[in-house]
Amino acid sequence: MSEAPHLLRALRRRDLTGIVLNAMIGAGMLAAPAKVYALAGGWSFVVLAAAALALTPLILCFADLSSRFSGTGGPYLYARAGLPALPAFAVGWLMWFSQAMSVATLSSLFVTYLAGFVPALEAGLPRYLTIGALGAVLTGIVLVGIRQSARASNLLIVLKIGFVIAFAAAGIWFVQADRLTIATALPDTITFAQAMLIYLFAYSGFERASVVAGEARDPQRDVPAALIGGVAAVTFAYAAVLLVCMGVLDQPAANDRPLAEVGRQLFGSAGAVAVSAGALAVIVGTILVITISMPRMLLALAEQDQLPQWLAQVHSRWRTPHIAIVISSVLAFGFAMASDLLTSLTIATAARLTGYILCCISLWSLSRRADAPAPKFALPLRGPIALFTAALFTGVLVLGAMKELPALAIVLAAGLVLWALTRRALSRDLRSSP
């Protein structure tokens with residue numbers, strides 16, 4: 001009997017770094033300057049620094065975890081190793097759901113920016129057709145192979161980095177230093193925390209490189225390096241964009257598209273068009289890496305017998321989880337057609353934060369076990385740091401996304417029904433086998 005086809009290990013460190021950068025240089029970067037300035041004013045740079053500082057222990061926890069495993073699934077794989085089956089399933093299912101909702105959010109934003117060029121696309125049948133075409137193109141790229149997906153991701157991250165550099169280089173000459181001074185009192189604790197949340201949400205998605213570790217050449221070394229290096233680079237990108245927006249605009253919070261407004265003020269309508277075109281590349285790159293990682297989460301769940309095993313099937317020619325890819329894309333881009341941007345964003349954020357918290361608890365559990373897989377990136381004091389990070393992001397969840405927990409409970413309940421049906425089918429197959 002011939003061996004079943006398996007995933008191809010083709011991703012290099014630069015490919016994984018590209019996935020990290022594509023995940024985080026996204027819609028959050030485009031909107032954060034206006035939203036943060038509305039809350040924190042001149043303290044916006046302090047807010048960004050505080051968010052980066054708060055993210056640091058989470059990134060280090062994921063670097064430690066990712067250096068222990070070489071399979072597909074990232075956060076789900078880590079939770080499966082350190083937690084009971086039920087919370088591990090919750091991580092995998094909610095992280096898959098968060099990615100589907102992120103696709104919905106970003107696809108809606110893509111149409112909004114594209115409608116700036118073709119207004120008729122913003123509503124009705126043209127909107128549905130635009131989202132469907134976007135989904136078909138990206139799904140086709142992801143279906144035909146991980147190498148092709150990596151090439152597309154790398155091309156888009158080059159465009160993104162070029163966009164950020166061009167925006168910063170063009171705008172830096174017009175920055176007025178007096179607009180960067182802090183002329184107001186420090187915001188109260190709740191307001192400052194809410195401003196921090198905006199940047200923390202923008203950073204989220206870094207874990208997508210770990211989800212595709214089963215297709216990386218040396219994942220236990222390359223994924224931690226991609227996480228740490230990618231987050232450091234993204235922080236500089238966020239800071240450069242914030243600097244130009246604050247230093248150029250009289251009222252950075254007055255426009256939902258602050259980068260496009262900078263382009264308009266400095267270079268007229270041509271500048272606004274150029275920035276909007278760059279924003280489209282930013283959004284498409286992020287949707288692409290989600291379309292790559294999202295079905296791998298279903299594959300991982302199926303490999304652990306927590307979802308039907310046919311979701312783990314790998315195409316004999318393309319070496320991709322073709323069934324999981326098609327199902328994920330149909331559902332995710334279908335959500336985009338049926339939901340509004342804000343609802344998709346808040347639910348996706350709550351689901352992802354829940355996964356982060358459980359992964360940190362899993363690292364704490366692994367730190368207490370002698371039989372735990374050995375890390376190649378050994379985080380000192382990993383147990384206390386993991387507990388501190390879990391507590392920190394529990395506070396973030398309560399503060400910023402508590403109202404979404406009932407909806408997440410419904411989503412998790414639906415997943416548990418699928419898990420129960422899968423277990424029942426497996427039990428029936430075992431009883432009927434000779």
Side-chain angles (χ1 to χ4, degrees), residues 21-41 43-45 47-48 50-52 55 98 101-116 122 160 163-164 167-168 171 187 191-206 234-265 271-272 274-287 289-290 336 339-350 352-353 396 400-401 404:
L21 293 174
N22 255 322
M24 290 188 292
I25 300 179
M29 183 192 73
L30 301 176
K35 294 184 180 298
V36 171
Y37 193 89
L39 292 169
W43 294 89
S44 295
F45 273 105
V47 169
L48 173 58
L55 188 76
S98 76
M101 288 292 97
S102 294
V103 168
T105 300
L106 293 165
S107 297
S108 296
L109 193 61
F110 174 83
V111 173
T112 299
Y113 270 92
L114 194 60
E122 194 161 14
K160 285 189 180 187
F163 167 70
V164 172
F167 179 82
T191 302
F192 190 90
Q194 289 173 340
M196 273 185 62
L197 285 174
I198 295 169
Y199 270 120
L200 287 175
F201 296 161
Y203 276 114
S204 64
F206 63 84
V234 165
T235 301
F236 282 108
Y238 288 173
V241 168
L242 180 61
L243 173 66
V244 172
C245 289
M246 286 182 58
V248 170
L249 298 177
D250 291 326
Q251 296 293 331
N255 194 300
D256 289 337
R257 301 176 189 175
L259 281 76
E261 181 62 17
V262 169
R264 188 193 66 78
Q265 288 195 18
V275 171
S276 294
L280 287 172
V282 167
I283 295 166
V284 170
T286 307
I287 298 175
V289 297
I290 300 173
S339 61
D340 65 83
L341 189 150
L342 182 60
T343 299
S344 301
L345 175 63
T346 52
I347 293 177
T349 298
R352 192 176 294 121
L353 288 174
V396 171
E404 306 302 332

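Since this is a predicted model, take the numbers as computed values, not measurements. Numbers for residues simply follow the sequence, beginning at 1.
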Next on the checklist: Test side chain to side chain contact (heavy atoms under 4.5 Å, CB included) on I283 and L30; report intermediate values, then the result.
Outcome noted: CA-CA 9 Å; I283 295 166; L30 301 176; 4.2 Å; yes
Next on the checklist: Out of the candidates L106, L109, T105, only one should pair with I287 under the side-chain contact (heavy atoms from CB on, under 4.5 Å) rule; please name it.
Outcome noted: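 Answer to the side-chain contact (heavy atoms from CB on, under 4.5 Å) test with I287 among L106, L109, T105: L106.
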[Y] backbone acceptor or donor facing [X] side chain under 3.5 Å:
| X | Y | answer |
| --- | --- | --- |
| K35 | I198 | no |
| S107 | V103 | yes |
| Y238 | A32 | no |

Can you tell if the side chain of [X] reaches within under 4.5 Å of the side chain of [Y], non-hydrogen atoms only?
| X | Y | result |
| --- | --- | --- |
| L242 | Y37 | no |
| I25 | F163 | no |
| K160 | L21 | no |

Next on the checklist: Run the side-chain contact (heavy atoms from CB on, under 4.5 Å) test against A260 and tell me which residues pass, sequence neighbours left out.
Outcome noted: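 Partners of A260 under the side-chain contact (heavy atoms from CB on, under 4.5 Å) test: R257, V275, S276.
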Checklist entry - Can V262 and F167 be said to form a side chain to side chain contact (heavy atoms under 4.5 Å, CB included), step by step? => result CA-CA 9 Å; V262 169; F167 179 82; 3.9 Å; yes
How close do [X] and [Y] get, heavy atom to heavy atom, and via which atoms?
| X | Y | value |
| --- | --- | --- |
| L259 | P33 | CD1-CG, 4.5 Å |
| G171 | V248 | O-CG2, 3.9 Å |
| T286 | V282 | OG1-O, 3.2 Å |
| A195 | A40 | CB-CB, 4.3 Å |
| A237 | V164 | CB-CG1, 4.1 Å |
| A23 | G205 | CB-O, 3.3 Å |

Next on the checklist: Nearest 0.5 Å, please: how far is OH in Y203 from CE in M29?
Outcome noted: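 That separation rounds to 12.0 Å.
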Next on the checklist: Using 0.5 Å steps for rounding, measure from the OG1 atom of T235 to the CE atom of M24.
Outcome noted: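 That separation rounds to 7.5 Å.
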